[in-house]
Amino acid sequence: MTETATMNKPIKASEINPKFKYELSKVHGNKKILQCFQCGTYTSDCPIAKFSDNYRPRQIIRMAQLGLKERVLRSETLWLCASCFTCTDRCPQDIEVAIIIRVLRNLAAEQGIVPLVFKEQTLSILKSGYAYKIPELRKKKE
Ligand code: SF4
């Protein structure tokens, strides 16, 4: 199933964790998550949302508010955020959107839900100090 199809799937009552938003709001930087009223300001200014039809940070925040914990933690779009903090600067409610997204990523990572590309980058950094594998030809030139 594609990311869009997953995101637009009808919501089942059994998916909803009503405590999730309160748990999130207790984490430092997430206090204002309940104040997002979906005006769309931070989404319209997000540089990634301008280039991706799937990435809408307000959708991530809404899923978290609704308690769709598994759905939001399994969302591939969670990993598209560039952590530029434009949303945090623009939000009229002073919601620290980028911080909330980071916390959601950390929760996903705790459950082992990390896209393969980031796992490979991490292993590469641990092994060689480089985020990407250096091609053999390039090494020979040095
Ligand atoms: S921090 Fe992430 S969600 Fe916020 S504007 Fe930048 S890319 Fe978009």
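Atoms within each ligand, like the ligands themselves, are counted from 1 in listed order. Numbering of residues begins at 1 and proceeds along the displayed sequence.
Take atom 2 (Fe) of ligand 1 and draw a sphere of radius 2.8 Å; the protein N/O/S atoms inside it number 1.
The pair E23-K19 does not count as a salt bridge, with every side-chain nitrogen at least 4.0 angstrom from each carboxylate oxygen. A salt bridge does not link K32 with E96: none of the charged nitrogens is closer than 4.0 Å to a carboxylate oxygen.
Between Y42 and C36, the shortest heavy-atom distance links the atoms OH-SG, 3.3 Å. When every heavy atom of Q35 is checked against every heavy atom of Q93, the shortest pair comes out as O-NE2, 2.8 Å.
Atom 3 (S) of ligand 1 has its closest protein heavy atom at Y55 OH, 3.1 Å.
Each of L73, N30, V27 was evaluated against L104; a single residue qualifies, L73, per the side-chain contact (heavy atoms from CB on, under 4.5 Å) test.
A donor-acceptor pair shorter than 3.5 Å can be found between the side chains of Q65 and R62.
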